[in-house]
Each structure stands twice: as structure tokens, then as C-alpha cells.
Amino acid sequence: MSAAAESHLPAEPAAFLHALLQSAPVGALVTDSEGRILYANRPFEEMTGFSFDEVKGKLGYEILLPEERWEEMRARIEKRLQGEASNYKVELFTRSGRRKWFHVHATPFRDADGVIRGTIGVHFDIDAQERLEETYDYLSGELDRERGCDLIGESPGIRRVKEQIAVLGSSETSVLILGETGSGKEVVARAIHESSARRERPLIRVNCAAVPENLFESEFFGHVRGAFSGAVKDRRGKFELADGGTLFLDEVGEIPPALQGKLLRALQEREIERVGDERTRKVDVRVISATNRDLGEATLKGTFREDLFYRLGVYPIELPPLRERGEDILRLAKHFIEKLCRDRGEPPKELRESEAAQLLAYPWPGNVRELHNVLERAILLSPGTTLHLP
């Protein structure tokens, strides 16, 4: 640096450095040779919720990391004292008890004699990106699922459901969707989510009937590395994936009684514990559940907790079966034909009156899902421009 340039620097370098760090768009944490906090700038305070005054002089890793990671961090400090800088991703505790992902660039600093006295850690908040990647990993397995949120139909029962959705969109009320298998309960859940203030956050679905009983707790709440055989890394559960958004518990009546109490606690306290972890984590989740079972009868039999039933069913929605929606059958058929043909890159096939009459005459025990499957099979077996039912 030239002498002319140096002449323009402030006379008090410490004050200048403090002002620079306070205005930086990244979190700065300075620790001594043992890891005790010497300085934290304002962005770091805002990112973590900890004020510098309450963490000054304390071991940073004991505040920001779970105990099982302390030894790892002490090893990093030892390497820094040998002059080694490092870059790594880490999940740190915030003051509220939640965890956030950071990318950290840690560099040793020296005194005037060249002796290493500690570490300057520059923290980049990457929590949003990490959450997005984890959510994407989950959703990538759901790509073949129907993503539309349109509830097709104008029958009295469906009009009533649409009115309920409009009311529920502006609330945080727990919703229990009741209906037969294949009647479209997930479509209703998606419509409620898309009409709510949580629409920009994910809707995470759990098919409770498909989760092995011994994996329920990990599926819901996640686990930490080493919690059980096969847990080779930390994993977020569905509650954390849905944080800020909506958790849809499909076939909620299949949740084992042993887990129902833990689910109730998570709903009431808005906090969870990963399997193998002693620290609680705050979560902000709206729960929508669905079942084809009579949960009232299940509570009488003792297979479903009564308090959980009332917690989930603050606002019940009854979705009518397709056989009670006669005037909607042809609307749905047209919608499915157009979509299925579009997905195949071909124009919609014509639905003749004879085929339409067959659709109207059939009782549809499998409901909307069965109608969709019948039409998909018919399109595959109809080489021309006219639809032929199998």
C-alpha cells in the first residue's frame, strides 16, 4: 500500500476495524486460543440471536454446538493454532434453540510478534439454501404425484368443501379431512396450503400407513448421527422439513399408539427432539391430517388417543365419495383426459356419449383415484382420436 493511500486511513485502526465489521454483510466471530469469544459483530448477533454481551468470554462451541460436537471443534482449534485455515459447513444453535446452517471460513490471527492468538471466523448464513436442498431431496421422490391444487367439481358437497377451504386459508387451525380412500383428500390439503400464508413454504406429506413402526419417530422428528444402526449422518424429520410450512399426515389413524403421545407433545409445544439428541428444536408447522377411519370409534376402543383426536380435528372437513358427486364425474373425466393426453404430447381424445354413460353408471368404489386410473388405461389402449373404455 502506498504512503498516500495509508495517509487516508483512520488514525485509530481498532475503531475503523470495528466499524468495518459492524457494516459487513457476514457474521464475524473472534475467539482466543481456547475458543473463548472475544468479539462478535452485529450481523452475527442478528443471525444467531445471541448478543455479544451474553456470550463474551464464553467458549463459543459450548454455546453454539451440541456436546457431541465439542471434541471435533477443539480439534479444529488445535489445527488453527498450527496456522491452518479451514472452510466448512456447520449447523449452529440459535438463542431460540433452533438450528441454522452456516458456511464458516476460519482463519488464525497473530499478534505483533507473529504468535497465533486465536481465530477469526467469518459466518455466511446458508440456512435457506440448505433447507431448500433438503426439501428438494424430499420432493424429488414425489415428482410423480399429482401437483395440482384445483378441486374439480360443482356438486353441493364439493361447493361446501371449497367454501371451507376459503375460510381455512386465513387461519392456522388444525384440519382433519375425512373421506374414503381415493376421494381426493390430498388435493384438499394442498388447496388449503396454497390458500394460506404458508404457501411459499413446503407442504410435506407423510403417508402414515407406509412407515414401518420402528421408524416412525425418526421419520417424524429426525435423528442424529449414531442414534441407531444405520444412522450414519444427522437427518431432519418431516417436522423440520415442514418448518414454516404445512405438514400433511395422510392416513393419520395408522399412527402407532406409542408415538401418539410424542406427536401430541410436538403439536402442543411446537418443539421436537431428534432421536438420539437431548436438545429440543422449535418448529413452526401447521398440521393437516386425513383419514378414512372412524377416529371417534378408535378412541372408544383405545387405539387412538382422545386428546390427539381433538387436537387434530379442530376443524373437520368431510369429503363426499365420488358416487355422491354424479354431476362432477364428467367434469373430472374431461380434466383427466386433457391432462393425461397433454402429458403424452397428444391432443385430447374424444369422450363419446356411450362411454360417458358408462362412467355415470359405475359406482366408483375407488373414487377419484379409480376414475383417474381407468382413464389412464383407456388412453393407452385407444390408438385413435376417440376414447374407448377397457
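We count residues from 1, following the sequence as given.
By the 4.0 Å N-to-carboxylate-O rule, R74 lies too far from E78 to be salt-bridged with it. Using a 4.0 Å cut-off between charged nitrogen and carboxylate oxygen, D32 and R117 do not count as a salt-bridge pair. Checked for salt-bridge contact, E46 and R42 miss the test: no charged N lies under 4.0 Å from a carboxylate O. A salt bridge between E172 and R286 is absent, with no side-chain N of the basic residue lying under 4.0 Å from a carboxylate O of the acidic one. For the pair R305 and D307, the salt-bridge criterion is met [side-chain N within less than 4.0 Å of a carboxylate O]. For K349 and E355, the salt-bridge test fails: no basic side-chain N is under 4.0 Å from an acidic carboxylate O. R235 has a carboxylate O that lies under 4.0 Å from a charged side-chain N of E219, or vice versa, which qualifies the two as a salt bridge. With respect to R270 and D284, a salt bridge is recorded, a charged nitrogen being found less than 4.0 Å from a carboxylate O. The residues E273 and R281 are annotated as not salt-bridged, no charged nitrogen and carboxylate oxygen being separated by less than 4.0 angstrom. The pair R274-E217 fails the salt-bridge criterion, with no side-chain N (NZ, NE, NH1 or NH2) lying under 4.0 Å from an Asp/Glu carboxylate O.
Note that the NZ atom of K100 and the CG atom of L64 stand 12.0 Å from one another [nearest 0.5 Å]. R279 contributes atom CZ, which lies 9.5 Å from atom CG of L65 (distance to the nearest 0.5 angstrom). If you take CG on L249 and CG on L267, they are separated by 7.5 Å, rounding to the nearest 0.5 Å. The OG1 atom of T385 lies 6.5 Å from the CD atom of E350; values are rounded to the nearest 0.5 Å. To the nearest 0.5 Å, the span separating CH2 on W70 from OH on Y61 amounts to 8.0 Å. Expressed to the nearest 0.5 Å, how far CD of E186 lies from CG of D250 amounts to 6.5 Å.
No donor-acceptor pair under 3.5 Å is formed between the side chain of N292 and the backbone N or O of G179.
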- Task: Go through the steps for K282 and E271 under the test salt bridge (charged side-chain N to carboxylate O under 4.0 Å, His left out), then give the verdict.
- Result: CA-CA 4 Å; K282 295 289 185 181; E271 60 184 30; 3.2 Å; yes

- Item | N41/Y39 under side chain to side chain contact (heavy atoms under 4.5 Å, CB included): CA gap, chis, key distance, verdict | CA-CA 7 Å; N41 70 346; Y39 176 84; 3.8 Å; yes

- Query: So R323 and E180, salt bridge (charged side-chain N to carboxylate O under 4.0 Å, His left out) or not? Walk me through it.
  - Reply: CA-CA 11 Å; R323 62 181 174 274; E180 296 180 4; 2.4 Å; yes

- Message: Go through it in stages, so that I can follow the logic: the residues are E54 and R95, the test is salt bridge (charged side-chain N to carboxylate O under 4.0 Å, His left out), and I'd like the CA-CA distance, side-chain angles, deciding distance and then a yes or no.
- Response: CA-CA 11 Å; E54 63 184 323; R95 196 179 192 283; 3.0 Å; yes

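With no hydrogens or angles considered, a side-chain donor-acceptor pair links S86 and R80 at under 3.5 Å. Using modelled atom types and a 3.5 Å distance limit, the side chains of T107 and H105 yield a donor-acceptor pair. For the residue pair Y362 and E370, a side-chain donor N or O sits within less than 3.5 Å of a side-chain acceptor on the partner. Residues H388 and R352 bring a donor and an acceptor atom of their side chains to less than 3.5 Å of each other. A donor atom on one side chain and an acceptor atom on the other are not found under 3.5 Å apart for T246 and R198.
Checked against the 6.0 Å centroid threshold, F239 and F221 count as a close aromatic pair.
Using cut-offs of 30° and 60° on the angle between ring planes, the pair H123 and F102 is perpendicular.
In this structure, R190 fails the cation-pi test against F248, since its NZ or CZ atom is not both closer than 6.0 Å to the six-membered ring centre and inside 45 degrees of the ring normal.
For L319 against K185, the heavy-atom pair with the smallest separation is CD2-N, 3.6 Å.
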